[in-house]
Amino acid sequence: CTDKEDPKKGKEKRGTSKEVCGYPLSIFFIVVNEFCERFSYYGMRAVLVLYFKYFLRWDDDLATSIYHTFVALCYLTPILGAIVADSWLGKFKTIIYLSIVYAIGQVAMAVSAIHDITDTDRDGTPDNMTFHVVLSMVGLFLIALGTGGIKPCVAAFGGDQFSDHQDRQRRTFFSVFYLCINGGSLLSTIITPILRAQDCGIHSQQKCYSLAFGVPAALMLVALVVFIVGSGMYYKAEPQGNIMLDVCKCIGFAIKNRYRHRSNQYPKRQHWMDWAEEKYDKLLIAQIKMVLKVLFLYIPLPMFWTLFDQKGSRWTLQATTMNGYFGSLVIQPDQMQTVNPILILTLVPIMDSVIYPLINKCGLNFTPLKRMTVGMLLAAIAFVCAALVQIEIDKTLPTFPSTSQSQLKLLNMGSETVTIKMPGNDPLNLTAAQASNEYFTFEAGQINISVGHPEVRNTISLAKGQRQTLLIPLTITDEWLMTDDITSKPQEGNNAIRFVNGMKTAVNVSIPAANFGLIEPFSYSNYSLIKNGKVTFTLWSGSQSCEYSTDFGFGSSYTFFIPSTLVFGPNCQESITAAEDIKPNSVHMALQIPQYFFITAGEVMFSVTGLEFSYSQAPSNMKAVLQAGWLFTVAIGNFIVLIVAELAKLPKQWAEYVLFASLLVAVCFIFSIMAYFYTYIDPAEIEAQFKKNVNEDDEDNKHKLQKTEVEMNKRDSIKCHDEDDKDKQTKM
Ligand SMILES: C[C@H](N)C(=O)N1CCC[C@H]1C(=O)O
């Protein structure tokens, strides 16, 4: 608990809070509040898209657009919260009122997800979807207003609890604050998907979205209660009138005045804001200059968030093409995102207690803006890593036919070996129930194929840009069948599975999660998407059944063949053959860890530092406003992701990663130049100086006034001597 204080700074204590190891006790309530609030926010967000898709039954596009619009809104509303806090209610009251709005929003979401409310026919699906849609949209709007509104206030309110001499403690506070954000985010993104997966309901059991939204709602109420409990200990800075209106008016006046005096005959002023001096207080002008300087510096920052936010989109998609088996543990593609908060929880303490002190010991002045620059570079490195991983993945992806080509696979449904001759290829021998290992590529059109001995010839038409399988029947003179095969990796790491029935009777194939339906003799089923892991298929023919089990990885496609020789019994493990149409993902998800490491190390240097920088460089009456400015860069970053996802359609994903890395390096270069010219200030000191000057001016003015009065009186008295006595008495 040792504390090296700046002897130049005042040591007056803020608020009535006790101190523990030099930290005001009040910040304990603030960090717990932040933990619960972030749990509530990230927990709800984790299941939101699934709620749109499976509960409200929206399509993927609508679900994704509304999701991103909501996230962007959550980082736009901080401006509103900051204006209300700094100009009107103060941070404390703003946090209380908006937390209530936030909790109401979360409760509305939880209620909107109770299907029983409108499920009058009790079939498990809501009958009045409009009710659920309207209630959830109102809920989301209130949440965006609440979470965004309080976010800049809570951070700035936490900063306010420290006295001017507690710079070091305040820096540590912002690190702990960031730890709480990520602790809440980590726990909730693990817990709420588990809650969602439970079945619940009064009349019928459905996936429990109401519980997945209900727990975040409860956590928001806890956040509110914890914050209120600390109420007596906080230092509550009073709002100083409608500061934002004054700021706007002052800037407007400066611009107008500058324009009016644009001719060369008027002497130039140091700063364009100095043109407001005729009408506005020098202190206000100085404060606006401080804010504008920082906001100008923020211009390049959204690019960092543009890269950062692709963790949830591009990187998760990349994970779907990778192998998630970590020994006996299976990691789903979207679970890889939890690596970010886990790394935050480890990296923040390491940076604060080892890396930064070590850099200091080396005599390097690692200023906040230098840290942020390095943070941006680390994010760029993360994207280079992502590109390298993508190149590895691309090497393992199957080569699908171009638009002018066709690919053909062959499956021998017979019980004897056949020889197949195709143009441009060596004769191919396929034993009973065997499929060719690979697809043969042809220029699309018609090809002649001959099978067996004596040869049976057939001309088959190949579909352009397609993969097909030729099913060679048991009796090769019978009609040949062509199937349409999938031409892309199955989505979200699923496996695309189908069955070909070579028996003379129909077969029904099912697993608990899917039913392939009744497959007619010498026919095939549609594809079903199956998750990774061990799967046991049950095959039925009439009253006879048997079981077939196999293990699936991620992103494969198989055609299982039921041969005519199959004997139904306890299991048919040996009889069924599997043709691997698309290999399972082989590049391991662990290869994503370096990119997660670099982006998170970048985030710690960039975001934790930026949060503290925004507080320390803001004038006292605009702390929340600058926090909102900081969060606004996150919103813009999210918008850029949306735009770039639509516009930048590079043919190769790795090239897009390199493009983003290069853009960030370019932006980082511009930022470092801007940062070079930035001079750090101590707003409290500047403000104190101004107030002192004003007081001195006032004193001066008072002295001058008194002097003038005395002189005037003297003059008057001289005059009065010359005038009549009556007059002289009145003036004195
Ligand atoms: C979860 C992230 N690591 C994170 O902490 N954040 C992302 C945007 C800003 C910040 C947050 O406040 O949630």
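Order of listing sets the numbers, starting from 1, for every ligand and every atom in it. Computed over heavy atoms, backbone and side chain alike; hydrogens, waters and symmetry mates excluded.
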Sole candidate of W630, Y178, F671 that passes ring-ring contact (aromatic ring centres under 6.0 Å, His included) when paired with F606:
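When W630, Y178, F671 are each tested with F606, the ring-ring contact (aromatic ring centres under 6.0 Å, His included) holds only for W630.
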Numbered atoms of ligand 1 (with element) below 4.0 Å of [X], judged on heavy atoms:
X	answer
Y75	8 (C), 13 (O)
R38	11 (C), 12 (O), 13 (O)
E603	2 (C), 3 (N), 4 (C), 5 (O), 6 (N)
I181	5 (O), 11 (C), 12 (O), 13 (O)
Y178	4 (C), 5 (O), 6 (N), 10 (C)

Applying a 4.0 Å heavy-atom criterion (strictly less than), which segment of L631 is in contact with ligand 1: side chain, backbone, both, or neither?
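Neither; no heavy atom under 4.0 Å.
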Between N182 and ligand 1, which part of the residue brings a heavy atom under 4.0 Å of the ligand: side chain, backbone, both or neither?
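Side chain only.
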Evaluate S607 for polar contact with ligand 1, using N/O atom pairs at a separation under 3.5 Å.
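Min N/O separation from ligand 1 is not below 3.5 Å for S607.
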N340 N/O under 3.5 Å from ligand 1 N/O
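For ligand 1, there is an N or O atom that lies under 3.5 Å from one belonging to N340.
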Output yes when a side-chain donor or acceptor of [X] lies under 3.5 Å from a complementary backbone atom of [Y], and no otherwise.
X	Y	result
K53	A63	no
T192	T189	no
Q198	I194	yes
T147	I143	no

Below 4.0 Å from any atom of ligand 1, is there a heavy atom belonging to Y41?
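False for this residue.
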Name the orientation class of the two ring planes belonging to Y209 and F55 (parallel below 30°, tilted from 30 to 60°, perpendicular beyond 60°).
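Plane angle over 60°, so perpendicular.
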Would you say the ring centers of Y234 and F227 fall short of 6.0 Å from each other?
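Y234 vs F227: aromatic centres under 6.0 Å.
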Any side-chain hydrogen bond (donor to acceptor under 3.5 Å, both in side chains) pairs touching residues 73-91, not counting sequence neighbours?
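side-chain hydrogen bond (donor to acceptor under 3.5 Å, both in side chains) check on residues 73-91 returns K91-D160.
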Tell me, which protein residue and heavy-atom name are nearest atom 12 (O) of ligand 1, and how many Å apart are they?
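Here the closest protein heavy atom is K151 NZ, 2.8 Å.
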